[in-house]
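In this text the structure is predicted, and so the values were computed from the model without any measurement. Numbered from 1 within each chain, the chains take letters A, B, ... in sequence-line order.
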Amino acid sequence: MELQASEVASVLKKEIEGFQAGASTERIGTVIQVGDGVARVYGLDACMMSELVEFQGGVMGMALNLEEDNVGCVLLGDSASVKEGDIATSTGRIISVPTGVGLLGRVVNALGVPVDGKGPVACTDADLRPIEQEAPSVVERKPVGEPMMTGIKAIDAMIPVGRGQRELMIGDRQTGKTAIAIDAIINQKGTGGADPSNPEQVICVYVAIGQKQSTVVEVVRKLEEHGAMGYTIVVNASAADEAAMQFIAPYAGTAMAERFRDAGRHVLVIYDDLTKQAYAYRQVGLLLRRPPGREAYPGDVFNLHSRLLERSAKLADNAHEITPTKYSAGGGSITSLPFIETQEGDVSAYIPTNVISITDGQIFLEANLFYAGVRPAVNVGISVSRVGGSAQTPAMKKVAGGLRINLAQYRELEAFAQFGSDLDKATQDTLNRGARLVELLKQGQYEPLRNAEQIVQIFAGTSGLLDDVAVPKIRDFASGFGDYMRAEHGPLMEELDGWKTKWTDETAAAVSAACEKFKKSFVG
Amino acid sequence: MASARRAGTVARRYARALFAAARDANSLDAVRADCSLLSAVLVDEEARAMLIDPRFDARAKRTLLEKAFGELLHPLTLSLFGVLERRRRVSLLTEIPLAFGELDDAHAGRVRGDIETAHPLEDAARASLEAALSARTGHTVLLTAHTDPALLGGARVTFGGIRLDASVRGALDALQRRLLEVELR
């Protein structure tokens with residue numbers, strides 16, 4: 001873009017000539033107290049809940065407490081530049097963030113301001129959306145029915161997630177929660193070839209709340225490396241940002257996702273993690289002197305998460321006919337993967353139980369499994385997906401049917417494994433099968449698999465084709481088999497990638513035969 | 001600024017009680033006069049110290065107060081002093097007149113505010129502005145005039161949480177914001 005000095009001058013001249021200096025009326029108040037990221041303002045009589053308030057120094061705040069004679073605001077900027085006695089002006093707006101395709105590939109803060117040094121976001125005022133939106137109503141929704149593939153065998157086979165579902169990721173720190181999120185984002189490349197203009201492409205929003213900056217940088221770098229940033233928005237409210245920013249970040253990310261959902265697109269939103277958001281909200285609540293409840297959280301901390309996650313939904317195909325003002329096309333969805341960090345595996349703490357009860361299922365990641373080398377460290381026994389089953393592809397449903405029960409039996413007998421040959425044949429078979437299945441479900445990071453590869457690998461495991469492969473060689477064998485099938489039986493694999501393909505006896509026979517053939521050439 | 005000093009919650013509670021008592025006794029005018037007298041007296045450092053300092057004997061203070069203002073003060077005001085002394089809240093004496101004034105204004109439909117101009121404002125101009133604002137808002141608007149050369153021209157009126165900015169400075173600021181936001185294509 002070339003700009004001539006004379007052009008700039010003429011534009012400015014036009015502006016100056018057309019400028020009407022009328023009297024302005026503002027509603028104002030006076031700061032009576034400021035500190036720790038909150039300010040109390042006297043006046044502001046007509047202030048609304050969640051309204052943006054502008055302070056004299058240019059810092060913005062959000063009104064959270066409307067009291068008899070003052071308004072409690074959280075500051076969304078440096079609190080050092082707000083002083084007692086400053087004028088605070090109400091803006092009449094509630095916090096809005098830019099939305100739309102201009103944000104794809106960008107890293108922005110909770111207010112939608114870019115923080116990646118790549119210049120301003122290509123969004124206009126018309127792209128602004130308030131961060132708090134009402135969730136779709138009952139009539140505008142539809143049951144979850146399409147799969148949201150994560151590319152991770154353990155999840156797609158046993159804890160399937162559907163588009164529009166809210167599936168909780170819960171586990172201690174350092175158990176691989178973020179790794180699953182990154183894999184899930186990378187795997188969406190397969191939906192539309194990483195081209196955001198393709199309507200099939202799933203858009204991803206990664207909301208980092210209270211994370212280390214270095215972690216976020218690493219996530220963005222990995223996404224760029226795997227060509228996944230093109231369809232992804234990263235909303236970063238890092239540990240260094242104000243508590244208020246961490247508190248509003250998930251709402252901002254959801255507002256950005258809703259823009260796509262309302263246009264009939266599919267979006268995957270990851271909130272990493274909501275525990276820290278609850279911490280930030282607790283901090284703000286206590287500073288505003290709201291009465292502390294259990295674990296010192298404000299009384300509405302349940303609503304904090306429930307109103308956020310209600311906005312993830314699968315829209316009816318005719319949603320745009322029901323509410324044309326809101327939706328430009330039907331059938332869109334927001335799938336969300338909220339994260340909760342537990343302490344020492346304690347899932348009965350306040351926030352974990354809250355979010356477990358809000359979501360449609362949870363994926364448990366266990367530190368013990370992680371250190372035992374089972375990665376992803378999904379505890380299959382207590383992980384569930386309450387609605388995703390109906391979204392699983394028929395072929396996957398068929399082949400993975402026995403997986404969960406086989407693993408459960410294996411876990412029960414695992415303690416006897418050391419008795420080895422003293423055990424009866426049936427027990428030994430269960431142990432052998434189980435050990436192979438556990439091995440089969442291990443998967444490297446940044447290696448999401450396509451649907452067909454997952455299906456044939458899991459079929460090989462559950463049908464007993466792997467029973468004569470040595471346990472340490474299972475992973476190599478499985479991935480080799482997947483590649484072999486793709487190379488030798490391309491059309492079959494293409495078919496299995498599809499969502500509607502049924503698993504017939506002929507398919508089973510063809511895959512079994514191919515597996516026997518591959519076994520002969522496999523040297524391990 | 002309007003009233004940068006504000007009465008605290010406790011002072012407002014006492015003021016509310018005083019106001020209700022005065023209204024019921026039909027002596028609002030007398031108590032209002034007492035309040036302005038008290039706040040005028042308490043501006044003086046020594047008087048404030050003498051009345052509020054807990055080291056002085058309560059009875060001595062009361063006697064002094066009665067001697068000094070005995071005829072002037074309404075019995076309700078003297079009782080207020082007694083109540084405050086007994087509850088060890090005499091320090092509120094500086095705030096209660098403020099709070100009482102707010103209640104009284106609200107009761108009478110008065111709104112106090114400020115008008116800032118670059119050059120000293122004539123009383124007639126202020127009065128006509130007050131009349132216009134009163135007609136517009138339905139309350140009796142009372143303005144205190146201030147001068148602020150930084151405004152360059154025009155006037156800025158603040159009352160009841162509303163700021164009407166018709167100053168040259170305000171217009172220049174708006175123009176500056178507008179020019180910074182203009183899109184160059």
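- By a heavy-atom distance cut of under 4.5 Å, B:Ala166, B:Ala171, B:Ala174, B:Leu175 are the residues of residues 166-176 of chain B near chain A, going up by number.
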- Tell me, with the steps shown, if A:Asn236 and A:Ser238 meet side-chain hydrogen bond (donor to acceptor under 3.5 Å, both in side chains). CA-CA 6 Å; A:Asn236 178 24; A:Ser238 78; 4.7 Å; no
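- The aromatic rings of B:His107 and B:Phe19 stand perpendicular to each other, their planes meeting at an angle above 60°, with 30° marking the opposite boundary.
- Relative to the ring axis of A:Tyr297, A:Arg282 places its NZ or CZ within 45° and under 6.0 Å from the centre.
- The backbone N or O of B:Leu76 lies less than 3.5 Å from a partner atom in the side chain of B:His74, making a donor-acceptor pair.
- Proximity of a side-chain donor or acceptor of B:Asp57 to a complementary backbone N or O of B:Ala60 within less than 3.5 Å is detected.
- Scanning both residues, A:Gly85 and A:Thr30, for their nearest heavy atoms gives O-CG2, 3.6 Å.
- Across every non-hydrogen atom of A:Ala39 and A:Phe55, the tightest pair is CB-CZ, 4.1 Å.
- Using a 4.0 Å cut-off between a side-chain N of Lys or Arg and a carboxylate O of Asp or Glu, B:Lys61 and B:Asp53 do not qualify as a salt bridge.
- For the 3.5 Å distance criterion, the side chains of A:Asp195 and A:Tyr231 fail to qualify, holding no donor opposite an acceptor.
- Although no hydrogens or angles enter the test, the distance criterion places no donor-acceptor pair under 3.5 Å between the side chain of A:Ser90 and the main chain of A:Leu44.
- Proximity to chain A is limited to the side chain of B:Arg12, based on heavy atoms less than 4.5 angstrom apart.
- The contact list for residues 117-127 of chain B toward chain A, using heavy atoms and a distance under 4.5 Å, is empty.
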